[in-house]
Amino acid sequence: MWLPCGCTSKYVASSFARRILASHLHVSGRSRCNVAAFMPEAAGFEGVSGRAALRELSVSNSESFWAAVARHRLSWSIPFHTVQDCDLSRGKIKWFEGGKLNVSVNCLDRHVHTCPERVALIWERDERGSEMKYTYRELLEMTCRVGNLLRRHGVKRGDCVTIYMPTCPLAVASMLACARIGAAHNVVFAGFSADALAERIRDAQSSTVITVNQGVRGGKVIELKKTVDTAVESCPTVKQVFVAMRTDNPVTMTARDIEDVVCEPAVMNSEDVLFLLYTSGSTGKPKGLVHTQAGYLLYAALTHRYVFSYHDGDVFGCVADIGWITGHSYVVYGPLANGATTVLFESTPIYPDPGRYWDMVERLKINQFYGAPTAIRLLLKYGDQWVNKYDRSTLKTLGSVGEPINTEAWEWYHRVVGDGRCPVVDTWWQTETGGICIAPRPSDPDAEIVPGMAMRPFFGIKPVLIDTERCFGFLQGELLTSNNTSGALCMAQPWPGMARTIHNNHQRFIETYFQPYPGYFFTGDGAYRSEEGYYQITGRLDDVINVSGHRIGTAEIEDVVVRAQLSCPAVAESAVIGYTHSIKGQGVYAFVVLKKGIDVKEADLSRQLNGMVSEKIAKYASPDFIQFAQRLPKTRSGKIMRRVLRKVVESDLEGLGDLSTLDDPAAVQEIIQGRRCHVMAQKR
Ligand code: WTA
């Protein structure tokens with residue numbers, strides 16, 4: 001069915017000494033901040049005279065804080081009666097119950113009433129200089145058309161619609177159309193393969209898919225519709241696929257279309273599902289995290305406004321793809337809830353040349369730029385001239401997300417891109433958290449920012465560190481209360497933006513996030529708390545790696561490698577690990593043990609295995625290195641010692657640590673030897 005609507009290594013910055021002091025970043029004199037001007041609803045909080053006190057209150061009296069913010073920031077059709085009803089030990093999270101609202105009304109209609117001609121979206125298309133603008137009125141109309149179309153074709157409240165599209169206005173309208181009619185959306189990153197897409201469609205039990213005929217990225221055409229065709233062959237639930245054309249031609253309007261631009265919004269409960277978003281965990285099966293209406297929207301909007309110092313009239317440029325949580329929260333929901341002009345970036349940082357981002361900043365007059373460290377590291381290598389060519393004087397805040405930002409990249413971003421005058425906010429958060437949880441801002445305007453550190457918890461966020469050593473089984477790890485210490489990063493109290501469950505698997509939700517440290521939400525990351533109490537993320541504690549800011553479970557890749565059916569099943573076992581990569585942050589390194597008696601050329605096999613990972617998951621998950629081994633180092637109980645493999649790959653033989661639990665220490669020597677041969681072969 002054709003859609004008639006127009007669419008045309010973690011690096012750990014260790015330089016605590018290298019403080020960027022306030023004076024560097026911000027203007028004159030110590031400003032005594034006026035809390036009510038900063039956050040109007042705070043005027044009602046007694047005794048709160050500064051931002052630090054406001055933060056204090058948001059944690060110590062989080063119910064009052066969130067109640068005031070929710071009343072002030074969201075438009076409700078019926079007000080909520082209970083602020084929160086949460087029990088972290090049972091994975092029960094409910095916010096604003098009794099309240100009814102519609103997310104698309106909050107993102108569109110209320111702005112159309114006050115400023116219909118304000119630009120909502122600037123679509124920075126792949127073809128440089130061909131951007132298209134859509135006002136709030138136009139975006140509402142597009143959303144209503146899609147909403148009506150979906151309703152006419154039987155999509156109901158509570159259904160789940162899969163969206164497999166590049167970042168474009170119709171994708172945003174499709175997300176909002178689902179929200180309008182009360183359906184959940186399941187956006188699948190358009191870089192995922194047919195198999196990965198099919199798995200997500202099946203798990204979400206979607207009967208409707210929305211896609212485009214072809215995508216265009218970096219000058220290349222991507223056959224998205226063909227991928228959908230292949231995927232749906234193994235998805236018996238799918239009944240209809242809507243296909244939009246990526247074309248410039250305006251749509252011819254008929255009288256009926258004009259009627260179409262009104263689409264009655266469904267009145268939704270605060271805790272109805274807004275969307276599912278699949279992300280990787282430490283098993284081979286991706287999990288569909290569930291976010292609900294009011295709490296998610298409120299948290300995305302508040303973090304967008306305060307972390308980036310967004311002000312009315314600003315042009316907000318987050319270059320993430322809508323297929324990731326960053327795209328959901330900071331391309332779509334946060335900015336639109338705040339009535340911002342948000343940029344949809346369809347291209348790549350180096351197309352047609354490495355000046356693309358900064359040319360866009362100049363052309364679109366972007367005020368806040370939010371991107372991933374991997375792109376910053378790549379652009380840094382091309383040199384300052386690509387940045388200096390363009391006028392970046394509109395920039396006020398620079399953001400970083402998705403992975404640790406190393407000091408060199410941070411400083412280049414700050415000094416060259418931001419001319420040394422824009423605060424750089426390294427924002428830590430996850431698909432699970434819904435929005436930014438730790439970032440240098442908001443804070444007093446003259447508060448220091450330490451390079452490569454996320455630093456300060458957001459309003460209502462209470463991070464804690466827990467001793468990782470002492471946590472086994474149901475024994476609770478010890479809460480680390482002092483500063484200058486590292487541990488498992490957990491959250492001690494709930495916040496409105498957090499995920500509510502894993503679709504169809506609440507037990508996995510509880511086991512993953514709430515059982516490791518009972519009473520706390522476990523993030524899966526480790527962190528360091530400095531002498532001053534600032535947080536720095538030290539990396540994942542589980543088998544999840546982060547390649548170019550894209551999260552992937554090593555088990556997912558291992559599953560594909562082990563299942564590889566070549567002329568015959570050739571692979572006995574595999575261990576995949578992440579290693580420090582100068583551009584991607586982490587690269588993928590696969591150890592492969594072949595079945596006995598298999599006679600194949602390793603180079604051929606490597607090529608085939610790479611192809612299979614691209615085909616089954618996505619290109620970014622494909623191994624950078626494949627090392628064939630006779631066996632893998634294992635404990636006596638048969639567990640592969642990945643810690644040892646990581647040390648070998650990072651050439652840290654001193655750091656191999658305790659090998660006494662190894663079943664056969666000679667296996668390590670073989671791996672080291674194999675690695676040496678591998679490195680030498682690469683050099684040749
Ligand atoms: C990592 C992306 C260091 C972290 C928003 C987290 C970071 C995972 C940072 C979530 C940061 C994200 N510094 N690490 N500023 N931001 N991460 O779900 O390991 O795609 O758990 O969400 O990325 O990835 P996700």
Side-chain angles (χ1 to χ4, degrees), residues 9-13 187-189 191-192 276-282 286-289 291 299-300 303-304 307 318-331 333-334 370-374 376-377 398-407 409-410 413 424-441 449-458 463 488-491 497-499 502 512-513 521-528 534-554 556 578 580 584-586 618 620-621:
S9 77
K10 303 278 175 182
Y11 291 93
V12 177
V187 181
V188 178
F189 172 55
F192 275 121
L276 318 186
L277 187 60
Y278 283 81
T279 189
S280 296
S282 49
K287 44 197 176 188
L289 285 158
H291 283 282
Y299 197 72
T303 47
H304 168 254
V307 171
C318 169
V319 290
D321 191 284
I322 48 143
W324 308 111
I325 190 69
T326 309
H328 281 58
S329 301
Y330 301 109
V331 174
Y333 288 111
Y370 192 29
T374 183
I376 302 302
R377 286 192 292 266
L398 298 173
S400 163
V401 59
E403 46 169 331
I405 179 162
N406 51 309
T407 316
W410 192 101
Y413 201 25
V424 172
V425 290
D426 172 11
T427 62
W428 175 87
W429 60 295
Q430 316 175 294
T431 307
E432 291 84 342
T433 69
I436 296 164
C437 286
I438 308 181
R441 296 283 190 261
I449 295 185
V450 183
M453 251 193 159
M455 299 181 76
R456 304 180 175 94
F458 189 71
L489 177 66
C490 296
M491 299 296 166
M498 68 193 298
I502 292 174
T512 311
Y513 304 108
F521 167 82
F522 174 44
T523 64
D525 279 310
Y528 166 77
Y534 301 144
Y535 288 87
Q536 179 174 35
I537 309 306
T538 51
R540 298 286 309 190
L541 298 174
D542 54 11
D543 293 319
V544 170
I545 60 176
N546 209 315
V547 181
S548 304
H550 301 337
R551 187 169 152 174
I552 181 83
T554 52
E556 279 173 74
T580 307
K584 299 201 268 185
Q586 283 190 299
Y620 76 85

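FYI, the numbering just counts along the sequence from 1. Just so we're clear, the structure is a prediction, and the values are computed from it rather than from any experiment. For ligands, and for the atoms within them, numbers begin at 1 and follow the listed sequence.
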With heavy atoms under 4.0 Å as the rule, classify the contact between T427 and ligand 1 as side chain, backbone, both or neither.
backbone
Counting distance only, does the side-chain N/O of S548 pair as donor-acceptor with the main-chain N or O of H550 below 3.5 Å?
no
What atoms of ligand 1 come within less than 4.0 Å of a heavy atom belonging to I325?
5 (C), 22 (O)
Return a yes/no value for Q430: is any of its N or O atoms, backbone included, closer than 3.5 angstrom to an N or O of ligand 1?
yes
Heavy atoms only: give me the nearest Y534-R456 pair and the separation to one decimal.
OH-NH2, 3.5 Å
Has Q430 got a side-chain atom pairing as donor or acceptor with T523's backbone, closer than 3.5 angstrom?
yes
Donor-acceptor under 3.5 Å (Q536 side chain, Y528 main chain)
no
Any non-hydrogen side-chain atom of Y278 less than 4.5 Å from a side-chain atom of V188?
no
Taking only heavy atoms of N546, which atoms of ligand 1 are found under 4.0 Å from at least one of them?
1 (C), 23 (O)
Number the atoms of ligand 1 from 1 as they appear, then name those within less than 4.0 Å of a heavy atom of I537, with their elements.
3 (C), 14 (N)
Contact check, W428 vs ligand 1, heavy-atom distance below 4.0 Å
yes
For the residue pair W324 and F189, does the interplanar ring angle fall in the parallel (under 30°), tilted (30 to 60°) or perpendicular (over 60°) class?
tilted
Nearest heavy atom to atom 20 (O) of ligand 1: which of E403, R540, R551 does it belong to?
R551
Have a look at V544, D525, L489, V425 and point out the one with the heavy atom closest to atom 19 (O) of ligand 1.
D525
With respect to S400, determine whether any N or O atom, backbone or side chain, lies less than 3.5 Å from an N or O atom of ligand 1.
no
Against ligand 1, does P404 come closer than 4.0 Å with any heavy atom?
yes
Nitrogen or oxygen atoms of T523 and ligand 1 under 3.5 Å apart:
no
Would you indicate which of A454, G327, G402, S280 comes nearest to atom 12 (C) of ligand 1 when only heavy atoms are counted?
G402
Strictly distance-based, threshold 3.5 Å: is any side-chain N or O of R551 a donor or acceptor partner for the main-chain N or O of S280?
yes
Atoms of ligand 1 under 4.0 Å from any heavy atom of V401, numbered from 1 in the order shown, are 5 (C)
Please determine, by modelled atom types, if T433 and Y299 share a side-chain donor-acceptor pair under 3.5 angstrom.
no
Heavy-atom nearest pair, G434 first then S329, reads O-OG, 2.7 Å
Answer side chain, backbone, both or neither: which part of T431 comes under 4.0 Å from ligand 1, heavy atoms only.
both
Go through the side-chain N and O atoms of T427 and Y370 and say whether any donor and acceptor fall under 3.5 Å apart.
yes
Could you tell me, atom by atom, which parts of ligand 1 come under 4.0 Å of a heavy atom of T326?
5 (C)
